[in-house]
Every structure is written in structure tokens, then in C-alpha cells.
Student: 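First the structure, which I've put down as C-alpha cells, then a few questions once you've had a look.
Nothing here was measured: the structure is a model prediction, and the numbers come from that model. FYI, the numbering just counts along the sequence from 1.
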Amino acid sequence: MDLVEVLPNRLHMLRFPIGQAYLWQDGEALTLVDAGNVESAAEIEGAIRSLRLLPERLERIVLTHCHRDHVGAAGELSARWGARVLAHRLDAPVIRGERPVPEPVLLDWEIPLYAHGLTVPEAPPTRVDRELKNGNALGFGDGAYVVHAPGHTDGSIGIHLPQHGVLFTGDCIAAVGPLMLGVFNVDRGRAVASFRRLAALAPSVACFGHGDPLVVDTAPALAKAAAETPA
């Protein structure tokens with residue numbers, strides 16, 4: 001795992017072989033956006049301690065959607081340190097193991113990538129302490145709130161921190177190479193609409209589920225990519 005500073009004393013990216021999570025600091029209080037795979041808990045704890053922060057100050061884990069590379073370690077981290085797990089109400093039953101993970105509608109070129117993604121260990125059923133909906137305040141980042149961004153999954157969300165100009169996009173948008181619509185969507189049309197909705201927030205920092213954060217000319221780059229993405 002790589003630990004990458006995005007904003008000094010505020011935001012770090014935790015990059016795994018597939019996917020990534022983000023650690024946000026409000027002083028000593030911590031929020032994790034996504035939780036890597038099921039084998040990531042020890043690495044996440046180590047990353048927190050390497051920043052001279054206390055894992056017991058992890059207050060919440062906000063899951064952008066229900067996929068295994070985002071949910072995996074949430075349950076173990078929550079059990080160890082008492083963090084609450086938050087997810088959109090439409091993905092919460094999948095995260096709890098009550099419903100199957102929805103199958104995406106794959107484009108031909110996505111098929112081998114999807115097979116590679118399935119090498120990530122399955123996430124165990126994980127408790128969700130708070131079910132979210134669009135516009136909900138999240139209690140961190142001086143006003144972070146939920147932006148429902150369906151299409152990748154029904155309950156995919158973005159997380160917007162307007163006071164800091166930060167947007168977490170989950171897998172709605174990817175930056176593996178050029179900015180692009182995220183892959184493996186259950187509904188491409190809704191995913192494109194969500195891409196455009198997130199881009200319209202015009203953040204100065206965009207943090208993706210896959211690919212390096214964008215910190216320079218972010219708003220115009222997102223607007224251009226969204227406009228050029230066909231439905």
C-alpha cells in the first residue's frame with residue numbers, strides 16, 4: 001500500500017494494488033472514505049499510525065458504493081476502533097449481505113478488466129450503521145454532504161466538501177489515464193448523468209476510486225471530460 005499526501009494535514013490517499021481509500025483529518029478526528037479490500041485493515045491502521053494519528057479516533061467510514069475493493073476492511077476497522085459505517089440506503093442491503101452484488105452491463109473492452117477486478121477477495125457482510133440519501137450531512141470536513149450518483153451501482157455516492165473544494169467521486173469517475181466515466185456500470189445512462197452532476201460541482205480537488213487525485217485545473221478538466229462522454 002502507498003500513502004500519498006493530497007492536502008497537508010488534511011487528506012491522504014491510501015493506494016492498494018486495486019483501488020484506494022482516503023483518510024480525512026479534522027484535527028485528531030478521522031474519517032475514512034472507502035476501506036480497501038478485506039485484507040487491508042492492518043495496512044490502514046499502520047498508515048494512520050505512521051501519520052502520528054490514533055486509529056481509535058477513526059469516527060466514521062463512508063462507503064461510496066458496495067463493491068469489494070471499497071467495502072472490504074470496513075467491518076474489521078469498525079469492530080476494532082468503533083467507527084460507524086455509512087452507506088447509501090440502496091447499496092446498504094448489498095453491503096450487509098442481504099442482496100447480491102449487482103452485475104454490471106459490460107462493454108466488450110471491459111470484460112478482461114472485470115475479470116482482473118474479481119481477483120480482489122470478496123468483502124464479508126458488513127454492518128451499516130447509517131443509511132444515507134442525497135443531501136445528507138456527514139459530520140466531517142466542515143460541511144461534507146452526500147451527492148447521490150447512481151449508475152455504477154444504484155447506491156453510488158459522491159462526497160462533496162464545499163468549504164475545502166474537495167469532491168470524492170467513488171467509481172463514477174476514473175483517472176486511470178485520461179479522465180473518464182468509471183467502468184463496470186449497471187446503468188451507463190445514469191452513470192453519465194451522475195458524472196455530469198458531479199462535474200458541475202466544480203471542485204478544486206477531485207479524489208477518484210481509481211487513479212490519482214486531480215489537484216490542478218480540476219473543475220475545467222472535469223467539465224470537459226463530462227461534456228465529451230456520450231450517454
Side-chain angles (χ1 to χ4, degrees), residues 11 19-22 24 26 31-35 59-67 69-71 74 78 83-96 98-99 101-102 104-105 123 126-175 179-210 213-214 218-219 222-223 225-227 229 231:
L11 177 60
Q20 51 216 29
Y22 293 90
W24 179 268
D26 288 307
T31 296
L32 194 63
V33 175
D34 291 326
E59 295 187 354
R60 65 189 66 76
I61 302 167
V62 187
L63 301 175
T64 61
H65 62 288
C66 62
H67 286 161
D69 55 325
H70 295 258
V71 173
S78 176
R84 301 181 73 221
V85 179
L86 289 66
H88 192 274
R89 63 179 185 83
L90 295 177
D91 272 17
V94 180
I95 293 166
R96 290 193 295 259
E98 299 165 359
R99 296 181 187 169
V101 177
V105 179
T126 298
R127 186 187 76 249
V128 176
D129 298 296
R130 180 184 173 195
E131 295 191 10
L132 303 171
K133 60 182 181 180
N134 187 61
N136 279 166
L138 292 168
F140 75 97
D142 303 301
Y145 70 93
V146 173
V147 183
H148 187 205
H152 184 64
T153 66
D154 289 339
S156 287
I157 61 171
I159 301 165
H160 190 207
L161 283 64
Q163 293 300 314
H164 298 277
V166 172
L167 176 67
F168 300 95
T169 73
D171 281 1
C172 180
I173 308 172
L179 281 178
M180 59 180 287
L181 182 71
V183 294
F184 315 149
N185 297 301
V186 299
D187 187 325
R188 179 182 172 87
R190 295 180 79 197
V192 173
S194 293
F195 188 170
R196 294 173 179 165
R197 186 180 312 116
L198 292 176
L201 296 171
S204 54
V205 176
C207 297
F208 312 105
H210 300 270
L214 188 59
T218 303
L222 286 171
T229 301

Student: With side chain to side chain donor-acceptor pair (under 3.5 Å) as the test, would you mind laying out the steps for His67 and Asp171 before giving the verdict?
Tutor: CA-CA 10 Å; His67 286 161; Asp171 281 1; 4.6 Å; no
Student: Kindly say whether Gly141 contributes a backbone atom to a donor-acceptor pair with the side chain of Gln163 at under 3.5 angstrom?
Tutor: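 Not confirmed, Gln163 side chain does not pair with Gly141 backbone.
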Student: Which residues pass the salt bridge (Lys or Arg N to Asp or Glu O under 4.0 Å) test with Arg60, sequence neighbours left out?
Tutor: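 Partners of Arg60 by the salt bridge (Lys or Arg N to Asp or Glu O under 4.0 Å) criterion come out as none, since no residue qualifies.
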Student: Could you pull out the closest heavy-atom pair between Ala83 and Arg127, with the gap in Å?
Tutor: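 Taking every non-hydrogen atom into account, O-NH2, 3.9 Å.
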Student: Does some side-chain heavy atom of Asp69 sit less than 4.5 Å from a side-chain heavy atom of His210?
Tutor: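 Yes - at least one pair of side-chain heavy atoms lies under 4.5 Å apart.
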Student: How about Thr169 and Phe195: do any of their side-chain heavy atoms sit closer than 4.5 Å?
Tutor: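 SC-SC contact between Thr169 and Phe195 ruled out.
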Student: Side chains of Cys172 and Leu198, heavy atoms from C-beta outward: is any pair under 4.5 Å?
Tutor: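 When only atoms from C-beta onward are counted, Leu198 and Cys172 do touch, with a gap below 4.5 Å.
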Student: Under 3.5 Å, side chain of His160 to main-chain N/O of Gly143, donor-acceptor pair present?
Tutor: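 Side chain of His160 to backbone of Gly143, a donor-acceptor pair under 3.5 Å: no, none is there.
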Student: Check Arg89 against Glu131 and note the closest heavy-atom contact, atom names and distance.
Tutor: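 Heavy atoms only, the tightest pair is CB-OE1, 3.4 Å.
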Student: Between the main-chain N or O of Ala74 and the side-chain N or O of Ser78, is there a donor-acceptor pair closer than 3.5 Å?
Tutor: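 No, because the side chain of Ser78 does not come within donor-acceptor range (under 3.5 Å) of the backbone of Ala74.
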Student: Give a yes or no answer on whether the side chain of Asp142 reaches the backbone of His164 with a donor-acceptor pair at less than 3.5 Å.
Tutor: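 Between the backbone of His164 and the side chain of Asp142 there is no qualifying donor-acceptor contact (under 3.5 Å).
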Student: Taking all non-hydrogen atoms of both residues into account, name the closest pair between His65 and Ile95 and its distance.
Tutor: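 Reported closest heavy-atom pair: O-CD1, 4.4 Å.
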Student: Could you tell me which non-hydrogen atom of Ser156 sits nearest to which non-hydrogen atom of Asp91, and how far apart they are?
Tutor: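 That would be N-OD2, 4.0 Å.
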Student: Does Arg130 use its side chain to pair, donor to acceptor, with the backbone of Leu138 at less than 3.5 Å?
Tutor: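 It does not hold such a pair.
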Student: Given 3.5 Å as the limit, does a donor-acceptor pair link the side chain of Tyr22 with the main chain of Gly209, or not?
Tutor: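 No.
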Student: So Ile173 and Leu222, do their side chains get closer than 4.5 Å, heavy atoms only?
Tutor: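 The answer is yes, as the side chains (C-beta and beyond) meet within the 4.5 Å cut-off.
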Student: Nearest 0.5 Å, what's the CG-CZ distance between Leu181 and Arg188?
Tutor: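 CZ of Arg188 is found 5.5 Å from CG of Leu181.
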Student: Give the minimum heavy-atom separation between Thr229 and Arg196, together with the two atoms involved.
Tutor: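 So the minimum-distance heavy-atom pair works out to O-NH2, 2.7 Å.
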Student: Out of curiosity, Cys207 SG to Asp34 CG, how far, rounded to the nearest 0.5 Å?
Tutor: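 So the gap between those two atoms works out to 11.0 Å.
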Student: Check whether Ser194 reaches the backbone of Gly151 with its side chain - one donor and one acceptor, N or O, closer than 3.5 Å.
Tutor: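 Checking the backbone N and O of Gly151 against the side chain of Ser194, no donor-acceptor pair under 3.5 Å is found.
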